[in-house]
K.L.:
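Okay, handing you the structure first.
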Amino acid sequence: MSSAGRALRRPRTPATASGIIKPLLGVVIAAGILYVAVEAAGGRNLLDEGLRAVGGADIGTALTSIGLTMSTVSGDLEIREYCRSEHSSELAWHFRNQTVDVPFYTACPGSGWLERFQELAPSAPLMVVDIGCNKGYSSAHVFSLWAPELGFAPDTLRTKRPEVPCGTCADCNEQVLVKSTVKKHSAPLTLFCVEPSMRNFAHLILTRDAFFPPTSPPDLQWYIVNAAVSNVTGVSHFPRGCVDELCSLQGNSDGTRPRDFDYVPLTTLDALVKDYAIPAIDILKIDTEGFDATVILGSMEVLARGRVSLLTFEYHEVGVWREYALRDVVEKLDGLDYVCYFDSKQTLSRMTSCWDPAYEYYNWSNVVCVKRTHFMYAELEAMSSRFERHRAEYYAGKRAAGQGKEPTVQDAASP
Ligand SMILES: *[C@@H]1O[C@H](CO)[C@@H](O)[C@H](O)[C@H]1NC(C)=O
Ligand SMILES: *[C@@H]1O[C@H](CO)[C@@H](O)[C@H](O)[C@H]1NC(C)=O
Ligand SMILES: *[C@@H]1O[C@H](CO)[C@@H](O)[C@H](O)[C@H]1NC(C)=O
């Protein structure tokens with residue numbers, strides 16, 4: 001499915017600089033050098049600060065005037081790769097207010113982008129890696145969308161496996177909205193479900209046996225792997241009496257050290273894709289109760305090679321989030337050409353190059369990132385609060401170039 005990505009990206013090399021007055025040229029050359037440096041290091045927002053320092057020119061105007069565009073054309077959208085600082089702050093506070101007003105606003109997101117992905121690519125082969133597979137609800141979500149004939153959905157999991165607990169986000173009641181008319185899968189779907197807890201692992205095997213009988217199609221695979229994923233390989237211990245979703249490598253959710261534990265293999269995503277010969281990942285889900293930043297550190301090779309299209313992880317006040325800043329992770333991913341948003345029950349909140357300190361709020365949240373060259377970039381951006389509030393700006397360049405019809409939401413969202 002990765003090959004389905006066909007968005008274009010504007011060339012970033014400067015055109016001729018004739019007709020531009022000298023002082024501006026100086027700014028622009030400085031900006032160009034700075035841009036290259038910043039591009040390498042990740043974090044376009046630094047460029048904004050840098051430009052203010054060299055001359056205070058409006059960054060968009062200065063760069064656009066020499067053909068150095070700071071935007072990406074994806075689908076029907078021309079997406080600006082930076083936010084004005086006043087927009088960043090307004091959008092961030094809109095997000096923070098929602099987290100207060102709407103219960104579990106980003107803690108238990110709707111993940112509408114997943115439904116949208118299925119709607120646009122219902123019959124492409126799919127590879128999913130689910131790290132922290134837990135009870136299998138997110139795996140069930142994927143199967144219910146792409147292979148509905150299995151009858152394996154979050155709200156049907158307990159019909160065959162009533163012993164399985166419901167899940168912190170009431171996952172067992174989640175009804176997946178399938179908008180497409182797909183009744184049956186038409187391409188291979190492979191899902192690696194990686195879970196360190198022996199207890200969950202035992203449950204997952206029984207769930208797999210219940211929904212994937214020997215007669216089920218061989219091109220629908222749910223591989224259950226007992227391992228902990230981190231930034232190093234080896235062996236680790238994991239608490240044995242783990243019944244809730246909050247157990248992690250660090251110990252029990254109440255902070256006590258595990259007394260009874262099991263040995264589990266410790267691996268990294270980079271090692272995992274080699275061991276299991278996974279060529280590319282369409283969706284990578286990471287939910288390791290606070291260790292997600294560490295898992296991302298152990299995925300650098302796969303991410304740097306652009307082998308992941310969409311990536312989701314949790315952001316927390318627990319685990320190694322005490323050591324890592326979300327901003328640093330978002331900037332690292334930006335450097336690898338991924339754009340990240342807070343996922344939520346409604347709109348997405350773009351963080352990449354729209355950063356505001358209000359986002360570093362250390363609370364239970366979900367983040368979704370997309371590779372800039374993937375067709376889902378336009379889809380995620382069209383779900384963002386920035387698009388909702390500043391829609392006209394996504395078509396401004398096109399209108400100026402004389403291509404402009406006033407687009408509808410459907411136009412914007414079509415692949
Ligand atoms: C967020 O809430 C505060 C307090 O209610 C309000 O003053 C502010 O305007 C809100 N900001 C946004 C962007 O919604
Ligand atoms: C792995 O992650 C841990 C915890 O985040 C960190 O302390 C350690 O330095 C990392 N090691 C490597 C080799 O990246
Ligand atoms: C974090 O979430 C808790 C409830 O989940 C809430 O009471 C608290 O105000 C939140 N903190 C911030 C900084 O938003």
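This is a predicted model, so every value here is computed, not measured. Counting starts at 1 for both ligands and their atoms, in listed order.
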K.L.:
F238 and F201: aromatic ring centres closer than 6.0 Å?
P.N.:
no
K.L.:
Looking at R389, I want to see if its CZ is surrounded by more than 12 non-hydrogen atoms of other residues, nucleotides or ligands under 6.0 Å.
P.N.:
yes
K.L.:
Identify, by atom number and element, the atoms of ligand 1 in contact range of N97, meaning under 4.0 Å from any of its heavy atoms.
P.N.:
1 (C), 2 (O), 3 (C), 8 (C), 10 (C), 11 (N), 12 (C), 14 (O)
K.L.:
Do any nitrogen or oxygen atoms of W93 come within less than 3.5 Å of a nitrogen or oxygen of ligand 1?
P.N.:
no
K.L.:
Mind telling me whether F95 and F342 have parallel, tilted or perpendicular rings, with 30° and 60° as the class edges?
P.N.:
parallel
K.L.:
May I have the N/O to N/O pairs between ligand 2 and the protein that fall below 3.5 Å, each with atom names and distance to one decimal?
P.N.:
residue  : atom   : partner : partner atom : Å
ligand 2 : 2 (O)  : N231    : OD1          : 3.3
ligand 2 : 2 (O)  : N231    : ND2          : 2.3
ligand 2 : 5 (O)  : T294    : OG1          : 3.2
ligand 2 : 5 (O)  : Y324    : OH           : 2.9
ligand 2 : 11 (N) : N231    : ND2          : 2.9
ligand 2 : 14 (O) : N231    : ND2          : 3.1

K.L.:
Nearest 0.5 Å please: distance from the OH atom of Y82 over to the OG atom of S353.
P.N.:
10.5 Å
K.L.:
Quick one: closest heavy-atom pair of C354 and R386, and the distance?
P.N.:
SG-NH1, 4.1 Å
K.L.:
Which ligand 1 atoms, with their elements, are less than 4.0 angstrom from a heavy-atom of E90?
P.N.:
13 (C)
K.L.:
Any chance the rings of W222 and F152 have centres within less than 6.0 Å?
P.N.:
yes
K.L.:
Could you list the residues that satisfy side chain to side chain contact (heavy atoms under 4.5 Å, CB included) with S299, not counting sequence neighbours?
P.N.:
L269, V295, L303
